[in-house]
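Below: one structure, written as structure tokens.
Residue numbers begin at 1 in each chain, while the letters A, B, ... track the order of the sequences.
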Amino acid sequence: MIWSFDLLILLFMVICAFFVIQVKDLLGAAIVFGVYSFLMCLLWTEMGAVDVAFTEAAVGAGVSTVLFIAAVHRSSRQVKPRKRWRRPNKAVGLIAAGLLGGVLFYASVDFPDWADPSSPASTHLSPYFITEALADTSVPNLVTAVLADYRSFDTLFETAVIFVAGMAVFMILGQKTKESAQVGIDLTGGYEDTIIRVVSRALVPFMQIFALYVVGHGHHSPGGGFQGGVLLGATFVLLAISFDLKMVLGRMSEKKNLLLANTGVLLYSGIGVLSLLLGANFLDYSILHTLLPSTGPVVARSHAILGVEIGVAITVMAIIILIYTNLSSGGTNEKGL
Amino acid sequence: MLLNIVVITLTGLGLFFFLATTVGILRFPDFYTRMHAAGKGDTISSLLILLGLALYNLHHLSLSTALVSIKIMMILVFFFMASPTATHAIIDAGYESQIEPWHNDEEEQA
Amino acid sequence: MELLISSYNYWIYIILMMIGLYAMLAKNNLIKKIIGMSIFQTAIIVFYVSISAKKDATIPIIEHGKGHGHSAVISAMDYANPLPHVLMLTAIVVSVGTLGVALALAQKIYDRYKTLEEDEILEQLQEQAVSDSVMTSSGCDNDK
Amino acid sequence: MISEEQIPVLIIVVPLLGALLVNLAGLLTGRAGISLILTVAVLSLALAASVQTLLLVMEKGAISYRLGGWPPPFGIEYVIDHLNSLVLVVVNAVSLIAVVFSGRSVKAEIPSHKISLFYCILILLITGLSGMTITGDAFNLYVLLEISALTGYALIAVGEDRALMASFNYLILGTIGASLYLLGTGHLYIMTGSLNMGDLSSLLPSLYGSGAILTSFILITVGILIKMAFFPLHTWLPNSYSYAPTATSCIAAPLVTKVSVYVMLRSMFTIFTPAYVYSYLNISSLIVWLAVIAIVGGSLLALAQRDLKRMLTYLIVAEVGYMVGGAWLANRLGLTGTILHIVNDALMTLCLFMAAGTIAYRTGNLSLIASRDRHGSWDKSSGSGLAGLFKIMPFTMAAFTIAALSMIGVPPTAGFFSKWYLVLGAIEAEQWGYMAALIFSSLVNAVLFFRIFEIAYFEKSSGDMGIKRGESLEAPLSMLAPLGIVAVSLIILGIYSGDIVTHIIQFAVPLS
Amino acid sequence: MVDFFMTVGIVLFLLLFLILHRTVMGPTIIDRIMGANVIGTKTAILLVIIGLIYGRVEMFVDIALAYAMLNFIVTIAVSRYFMHHKNLRPSGYGLIHKEKNE
């Protein structure tokens, strides 16, 4: 951690958060929120949480903002003044926020000092992870090791959460017939922008290769299935933005996306079930060395972590595309942003 | 030592351009002029600073640091392609939403 | 002053949290509520990541060449605590999932009611309820 | 191939894989019919696994299962004791019955191309609830909480028009609840450095005086109270469950609140330990009084409703007050009553919602006072959509009557016994206000249900819609059979409640 | 040299404060987009600088690259919004309602 940066970024963030809430234009709020996420990512790298920063960069600054824009695109941008009879809400909000702030402030007095190496959080469990994880799993990136092995059950359900989210969006918005879309948009104006098209077409392959690299290299550097998956999904979003939705859906149809989302979770839980079938506990990868020739239990863990990450990446990519296509077209898959 | 001087010069230049960009973004009268400052100044300052950082990284020359420098250069190349495109897109958005360019009326009358 | 330096991180997350909670409860616009929700969730992430920070520690990725062979000593003091990072990766994923569902709901609500303002939607809902009961009491003459 | 030790994990793994399988089958075959069969198969397997686990626990005591093979404070651990194995059986049994019951209504209410997806999300909801019950890790609980919440939002939103706004409100409040829980866990983590519930309970005693621990307790409890719709925080529940599709409300209404009550018990027993919660904090009577307000408030609001399903949702709010109050009586009897009531209330609520679903399936009208049917095909003089139902749907109404009697607390039914324990606990703890609230709420329930009986028995139905007067219009067997099973089980549970207490619940109560 | 990069970082932050003023104050929505874009590119650079201060740039360049990409995507997405909705201010609704029944 670098405390001078820390203070500056936090100041930035509070300003941004305040203005996000105040701005009267939803698109403006989405943009300022994007800036807020950019800064948040910076804050995390500065505190040493590189994997969190990577995820936040991919999710918060990238995909969330695009999703906000897509949602605003399909609805309205306006924030109207509140009607008088709804005023009490403001009081409720103030009281609740005040209460929460008071309670949290009361607690914060008892906290160990910030960044104190002898705080309980840094001395109870984490030394074991730091000192033993490399020997246990042969993965230098401790976050990947803990994420995909020690706490892999959490991660399995994290993948399930994103799967559920995609399915939920499809369930809520997805329409089989195009006529049932109630809102028509004036789409005559959107002309084809050659510059954007050419540049995106040139950049997308490199971005996809980079995303695959992020998935595969998660053992040794920040990154992994989730970050890579979001980046892969984001490349398709870029294509959908610079060309149109049809072009992307021609390559990744909705059915294909749904299948891929299933496959990813299935791959993850399949690896878990495989170890169950071989007689070890669920998600105990070390047993898999009986299947992989000439590997010990430790290397088997490392390989299984890679398999798991690939599963996560597939699901996340498919779900990001699914959520974007549904949000930007109101579920019709007709024409996007 | 020479490397350090080059790095400091490049980064300093980058900072100078970014300062100019900031002044432009704050002081120019309308959107198009501000975008002119943002588009050009931002790109050149990013390129210069990144170039400086990539060079500094070669301090201890080895295969791994060279690889990292190549990666930084990749960011640079990416900016070189993406930043002007983004500028074009933003200008286009402004044009589409009918922002009137600024005119110095006094000068025209004179 | 020492107290300030040692815990300003925790205070600022409290401010972010209050802003988020206020927006979730008090804002009238659904998208604003969703933005408030995101701020609320990121504030929690700030809290957790602050826990993981350690003075003079580097990022939790074992440096190349360490931990192998004879120099197999990894000092726990040299690396930031990885556990909160793992938890927050999960939390970020959860928050993006919630965000997607919330935006989908907001959009569907807009399709249905043609507005994103909570008070206008509630008015429409009340009108609907009133018209339903009027329909039954007046013999359903305005039924179409 | 899979040994006995692996059975607990099957409760989670089978539904997770099953959900994916249902979705894949729906996608690949494009036929919706297969989804229901697969879902029932998957849930039966999960039920079998949970019953097996309960038997194992009764035989050998608490089981610990290491996920990924890592020892507890480092990896994630399942801890299955008498309390949660009982809740697991209830969760799986209720969901299986509800899914069988709602097969027809799903076909009627959900667009055909979304049916397999609907079942997939439904199974994931059950997975989330089972996972919340089984886990022994505080953070893992949060992830599973969010799974059950996200699935819940989606399942509610596919309901009728107004369900959208209800689901959105649920989402906002639910996210606040879950985030507060996460924040509370963070406070525990910063003070102790651990996330495992057992480990936490051993680390906490030296920190009892700390304000941060108190804050974490408040945050976790308030978060869970929002999730379980405790009275002033209940605002999301009535709209969500009354506008949701029948299948959703049949599964979510009995289970979500009960599992949340279980989570509160778990946090009180295992994380903070009774020593802190009851002795150190000394706030029992305050929370019991809050519960009194909740019970009275829920009951009064139920009285004001004009729609059967809405009335039932407010009864859930009142029942949550029972369980929270019972848990904070701080004695064995109160806790026994609470745990027994989790089981009984899940079944009673299921039975009532299923009966309401059956009536809605047949008549499409659940209003208690005046007909609000859009098509105007009901004579307004008939008053209620429930009029004459005893003649039209005798079996459904018989099941409804049993559940209603249980809700009121009439002796041979299950509801009586849990209330009896709660009342005894209240007397022992000398919480007269709570006892009065229990009796008041029973009276209100009696008034509510006898009003319905009166309408359904004495008033004549005069609807047309092809219904001839007095003709039996009983629901199909696939709906009646589950309804009958639940109704009968309410009586059986009542008769055997002594055995449940002596064999299971008394081991689940930590107080001596 | 690390001190030099610290200084560079702090100067960048201070300049970003000024640009943040443009981003949160407007005046038009497009000015906000412009400000966000500039902040995005500079954050990517700051990431590399933080990496240099930590002495482990190799771990940070991936994030910076991903950052640059996503910043680009976001900027394109926002500007495409104005291809469909040609109004600068959020007065009235951006969409043209076409009720099916009407």
The interface call for C:Phe40 against chain A, heavy-atom contacts under 4.5 Å, is side chain
Per-residue tally against chain A (heavy atom, under 4.5 Å) across C:Thr98, C:Val46, C:Ile34, C:Val94 peaks at C:Val46
The interface call for A:Val20 against chain C, heavy-atom contacts under 4.5 Å, is both
Honestly, the part of A:Ser221 sitting under 4.5 Å from a heavy atom of chain C is backbone
Heaviest contributor of heavy-atom pairs below 4.5 Å to chain C, chosen from A:Leu11, A:Leu125, A:Thr131, is A:Thr131
Value for OG1 (A:Thr155) from CG (C:Leu89), rounded to nearest 0.5 Å, stands at 8.5 Å
*Test C:Leu83 against A:Arg151 for side-chain contact (heavy atoms from CB on, under 4.5 Å), laying out the working first.*
CA-CA 9 Å; C:Leu83 188 53; A:Arg151 297 190 71 88; 3.6 Å; yes
Those residues at least two apart in sequence (or on a different chain) that pass side chain to side chain donor-acceptor pair (under 3.5 Å) with C:Thr90 are A:Glu158
Nearest heavy-atom contact between A:Ala96 and C:Leu25 is CB-CD1, 3.5 Å
Applying a strict 4.5 Å limit to non-hydrogen atoms, the region of A:Phe33 in contact with chain C is side chain
Most contact-rich option vs chain C, by heavy-atom pairs under 4.5 angstrom, among A:Val316, A:Val14, A:Ile319, is A:Val14
Looking only at heavy atoms, the pair that brings A:Gly101 and C:Met18 closest together is CA-SD, 3.5 Å
Checked A:Val169, A:Ile320, A:Thr123 vs chain C; the most non-hydrogen pairs under 4.5 Å come from A:Val169
Turns out that what part of A:Leu43 lies under 4.5 Å from chain C's heavy atoms comes down to side chain
From the list A:Asp51, A:Val52, A:Val50, side-chain contact (heavy atoms from CB on, under 4.5 Å) partner of C:His85 resolves to A:Val52
Check for a donor-acceptor pair, side chain of C:Gln107 on one end and backbone N or O of A:Leu327 on the other, with a separation under 3.5 Å. yes
OH (C:Tyr22) and CZ (A:Phe18) are apart, to the nearest 0.5 Å, by 9.5 Å
Looking only at heavy atoms, the pair that brings A:Ala17 and C:Leu16 closest together is CB-CD2, 3.7 Å
A:Ile130 and C:Pro82 have their tightest heavy-atom pair at CG1-CD, 3.8 Å
Honestly, the part of A:Pro222 sitting under 4.5 Å from a heavy atom of chain C is both
Note: vs chain C, highest number of non-hydrogen pairs under 4.5 angstrom among A:Thr45, A:Val59, A:Ile323 is A:Val59
Minimal heavy-atom distance between A:Ile21 and C:Lys32, with the atoms involved, is O-NZ, 3.1 Å
Distance col, row C:Tyr13:OH vs A:Ser108:OG, nearest 0.5 angstrom, shows 7.5 Å
So, the part of C:Leu87 with a heavy atom under 4.5 Å from chain A: the answer is side chain
Highest number of heavy-atom pairs under 4.5 Å with chain C among A:Val230, A:Leu173, A:Asn326 belongs to A:Leu173
dist A:Thr144:OG1 -> C:Ile61:CD1 (nearest 0.5 Å) comes out at 7.0 Å
Min side-chain heavy-atom separation A:Phe68-C:Leu99 under 4.5 Å
yes
Rounded to the nearest 0.5 Å, the CD1 atom of C:Ile31 sits from the OG atom of A:Ser75 at a distance of 4.5 Å
Fill in: Test item: A:Trp44 and C:Ile45 side chains (from C-beta on) under 4.5 Å apart, heavy atoms
yes
Whatever's closer than 4.5 Å to a heavy atom in chain A on C:Tyr10 counts as side chain
If one checks every heavy atom of A:Met171 against chain C at 4.5 Å, the contacting part turns out to be neither
- Query: Going through the distances and angles, do C:Phe47 and A:Leu104 end up as a side-chain contact (heavy atoms from CB on, under 4.5 Å)?
  - Reply: CA-CA 11 Å; C:Phe47 173 55; A:Leu104 294 180; over 6 Å; no
Exercise for the section: Report yes if the side chains of A:Leu100 and C:Met17 come closer than 4.5 Å at any heavy-atom pair, otherwise no. Expected result: yes
Honestly, the part of A:Ser122 sitting under 4.5 Å from a heavy atom of chain C is both
*Could you check if a side-chain atom of C:Asn9 sits within less than 4.5 angstrom of a side-chain atom of A:Leu10, using non-hydrogen atoms only?*
yes
* Is there a side-chain contact (heavy atoms from CB on, under 4.5 Å) between A:Leu26 and C:Leu116 once you walk through the steps? -> CA-CA 11 Å; A:Leu26 286 181; C:Leu116 282 174; 4.1 Å; yes
Given A:Ala165, A:Ala168, A:Ala133, A:Gly224, the one with more heavy-atom pairs under 4.5 angstrom with chain C than any other is A:Ala165
Whatever's closer than 4.5 Å to a heavy atom in chain A on C:Leu103 counts as both
Counting heavy-atom pairs under 4.5 angstrom with chain A, the leader among C:Gly97, C:Gly36, C:Ser38, C:Ser50 is C:Ser50
Bottom line for A:Leu99: the part with an atom under 4.5 Å from chain C's heavy atoms is neither
Cut-off 4.5 Å, heavy atoms of chain A, and the answer for C:Ile39 is both
In short, C:Pro60 meets A:Asn141 closest at the heavy-atom pair O-OD1, 3.8 Å
Whatever's closer than 4.5 Å to a heavy atom in chain C on A:Gln227 counts as side chain
Strictly by modelled atom types, are A:Tyr36 and C:Thr42 linked by a side-chain donor-acceptor pair under 3.5 Å? yes
Output for pair (C:Leu21 CG, A:Ile95 CD1), nearest 0.5 Å, gives 12.0 Å
Check the pair C:Ile62 / A:Leu142 against side-chain contact (heavy atoms from CB on, under 4.5 Å), numbers first and verdict last.
CA-CA 7 Å; C:Ile62 306 285; A:Leu142 300 173; 4.0 Å; yes
